[in-house]
Peer 1: 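Quick one: the structure is below, questions incoming.
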Amino acid sequence: MHNVFLGTGGNIGNKHKNFDEVVKIINKELGEIIRSSSVYETPPWGFESENPFWNQVLLIKTEYSPTELLDQIEKIENRFGRIREKGKYSSRKMDIDILFFDEEIINTETLTIPHPLLQKRLFVLVPLAEIAPDFVHPVLKKTSVEMLNNCEDKSEIIMVQN
């Protein structure tokens, strides 16, 4: 079994319903949810939108390999109508990112783990530090709290629900 941190986010549709649904799907189809952060409202990152995002970090135990997990995640995102445009951010009902997979370092054409931008995004670091403050980034060798304290992103982060 592998310990995997997933980041979930979305900014369109019924966010309450979407987050409730994605948590159930992840728990049923990807692996048991061990810990879940509060849900936070955040501004869009990397593009403009009138709709704020909701974001959450989940720790799951899964039997999938990293590439199998990515395939399953893409199928779930497709159910939420996710359309990916390479190199372009856009509004979406649900996005699921693999943040960490055990303490592995993976860099292929289709998959980079740890997620390459997580240390620059408060919407990931705040919920990550909430559920795993002492987890050490295998590349940066910093804890979640250290990354949070050193993050240059100053976006407003508001807890929606816990």
Side-chain angles (χ1 to χ4, degrees), residues 4-31 33-60 66 69-101 109-133 135 137 139-140 142-162:
V4 179
F5 286 95
L6 299 175
T8 61
N11 73 327
I12 55 176
N14 182 331
K15 290 182 246 188
H16 279 285
K17 181 177 175 244
N18 293 344
F19 272 75
D20 288 347
E21 189 176 336
V22 82
V23 164
K24 289 175 187 165
I25 292 169
I26 288 170
N27 203 49
K28 182 179 177 189
E29 298 180 19
L30 299 184
I33 296 174
I34 305 303
R35 278 188 233 141
S36 59
S37 75
S38 302
V39 176
Y40 294 88
E41 184 175 282
T42 65
W45 196 94
F47 74 102
E48 297 293 321
S49 175
E50 293 180 7
N51 300 317
F53 272 79
W54 280 13
N55 292 281
Q56 182 175 37
V57 170
L58 306 170
L59 172 60
I60 69 168
L69 184 62
L70 180 62
D71 289 342
Q72 294 303 311
I73 285 170
E74 288 176 351
K75 289 176 186 173
I76 293 169
E77 289 178 332
N78 289 342
R79 285 192 240 168
F80 284 90
R82 178 75 195 269
I83 299 169
R84 290 187 181 270
E85 293 184 48
K86 193 156 179 76
K88 186 177 177 190
Y89 297 114
S90 62
S91 292
R92 53 210 172 256
K93 283 186 181 178
M94 188 55 59
D95 178 36
I96 306 167
D97 289 326
I98 302 171
L99 304 175
F100 298 105
F101 191 99
E109 193 174 303
T110 57
L111 186 59
T112 303
I113 299 174
H115 190 286
L117 297 175
L118 71 89
Q119 71 277 6
K120 296 181 179 193
R121 297 173 167 179
L122 277 183
F123 68 83
V124 174
L125 293 173
V126 169
L128 178 65
E130 177 188 332
I131 65 170
F135 183 83
H137 190 296
V139 175
L140 302 178
K142 293 182 180 180
T143 66
S144 300
V145 169
E146 289 172 324
M147 289 186 292
L148 175 60
N149 290 338
N150 292 315
C151 184
E152 293 180 11
D153 181 3
K154 301 304 177 202
S155 301
E156 184 177 18
I157 308 293
I158 302 166
M159 187 184 294
V160 176
Q161 60 189 45
N162 59 1

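Quick note: numbers below take in every heavy atom, side chains included, and nothing from hydrogens, waters or symmetry partners.
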Peer 1: Would you name the heavy atoms of S37 and Q56 that are closest together and state the gap between them?
Peer 2: O-NE2, 2.7 Å

Peer 1: Look up atom CD1 in I12 and atom CD in E50, then write down how far apart they are to the nearest 0.5 Å.
Peer 2: 13.0 Å

Peer 1: Just wondering, do S38 and E130 contact through their side chains at under 4.5 Å, heavy atoms?
Peer 2: yes

Peer 1: With the side chain counted from C-beta on, respond yes when F80 and N18 share a heavy-atom pair under 4.5 Å apart, and no when they do not.
Peer 2: yes

Peer 1: Minimum heavy-atom separation for M147 and L140, please, with both atom names.
Peer 2: SD-CD1, 4.0 Å

Peer 1: For P127 versus F123, what's the shortest heavy-atom pair and its separation?
Peer 2: CG-O, 3.2 Å

Peer 1: Output the distance between atom CD (E74) and atom OG1 (T110), rounded to the nearest 0.5 Å.
Peer 2: 8.0 Å

Peer 1: Could you tell me which residues satisfy side chain to side chain contact (heavy atoms under 4.5 Å, CB included) with I33, sequence neighbours excluded, listed by chain and number?
Peer 2: V23, I26, N27, S36, L58, I60

Peer 1: Flag the pair I157 / N55 as yes when at least one side-chain heavy-atom distance between them is below 4.5 Å, and no otherwise.
Peer 2: no

Peer 1: Is it the case that the side chain of T143 and the backbone of E146 share a donor-acceptor pair, with hydrogens and angles ignored and the cut-off at 3.5 Å?
Peer 2: yes

Peer 1: Drop me the distance from I96's CD1 to Q72's CD, to the nearest 0.5 angstrom.
Peer 2: 11.0 Å

Peer 1: What residues form a ring pair (Phe, Tyr, Trp, His ring centres under 6.0 Å) with H137, not counting sequence neighbours?
Peer 2: F100

Peer 1: Who pairs with S144 by side-chain hydrogen bond (donor to acceptor under 3.5 Å, both in side chains), at least two apart in sequence or on another chain?
Peer 2: none

Peer 1: With side-chain contact (heavy atoms from CB on, under 4.5 Å) as the criterion, how do N150 and K142 come out once you've worked through the C-alpha distance, each side chain's angles and the decisive distance to 0.1 Å?
Peer 2: CA-CA 10 Å; N150 292 315; K142 293 182 180 180; 4.1 Å; yes

Peer 1: Write down the atom of S155, the atom of D153, and the distance for their closest heavy-atom approach.
Peer 2: OG-OD1, 2.5 Å

Peer 1: Measuring from atom CG of L69 to atom CD1 of I98, what distance do you get when rounded to the nearest 0.5 angstrom?
Peer 2: 4.0 Å

Peer 1: Show your working on side-chain contact (heavy atoms from CB on, under 4.5 Å) between E156 and I158 and close with a plain yes or no.
Peer 2: CA-CA 7 Å; E156 184 177 18; I158 302 166; 3.7 Å; yes

Peer 1: Is there a side-chain contact between V57 and F5, using heavy atoms and a 4.5 Å cut-off?
Peer 2: yes

Peer 1: Kindly write out the residues that satisfy side chain to side chain contact (heavy atoms under 4.5 Å, CB included) with K17, not counting sequence neighbours, or none if the list is empty.
Peer 2: N14, E21

Peer 1: Using the rule given for side-chain contact (heavy atoms from CB on, under 4.5 Å), can you reason through V39 versus T8, listing the C-alpha separation, both sets of side-chain angles and the distance that settles it, and then say yes or no?
Peer 2: CA-CA 9 Å; V39 176; T8 61; over 6 Å; no

Peer 1: Side chains of K15 and F53: does their closest heavy-atom pair fall under 4.5 Å?
Peer 2: no

Peer 1: I need the minimum non-hydrogen distance between F101 and I113, along with the two atoms involved.
Peer 2: N-CG2, 3.5 Å

Peer 1: Got more than 12 heavy atoms from elsewhere within 6.0 Å of NZ, K93?
Peer 2: no

Peer 1: Apply side-chain contact (heavy atoms from CB on, under 4.5 Å) to residues K120 and L117 and explain how you reach the verdict.
Peer 2: CA-CA 6 Å; K120 296 181 179 193; L117 297 175; 4.2 Å; yes

Peer 1: Test your reading of the model: is there a side-chain donor-acceptor pair from R35 to the backbone of L59, 3.5 Å cut-off?
Peer 2: no

Peer 1: If you define the side chain from C-beta out and look only at heavy atoms, does anything of N11 sit under 4.5 Å from W54?
Peer 2: no

Peer 1: Side chain to side chain contact (heavy atoms under 4.5 Å, CB included) with V124: which residues, sequence neighbours excluded?
Peer 2: L99, L118, R121

Peer 1: Mind checking whether L122 and T42 have side chains closer than 4.5 Å, heavy atoms only?
Peer 2: no

Peer 1: Can you name the closest pair of heavy atoms from E77 and M94 and give their distance?
Peer 2: CG-O, 4.0 Å

Peer 1: List the residues meeting salt bridge (Lys or Arg N to Asp or Glu O under 4.0 Å) with E29, not counting sequence neighbours, and say none if there are none.
Peer 2: R79

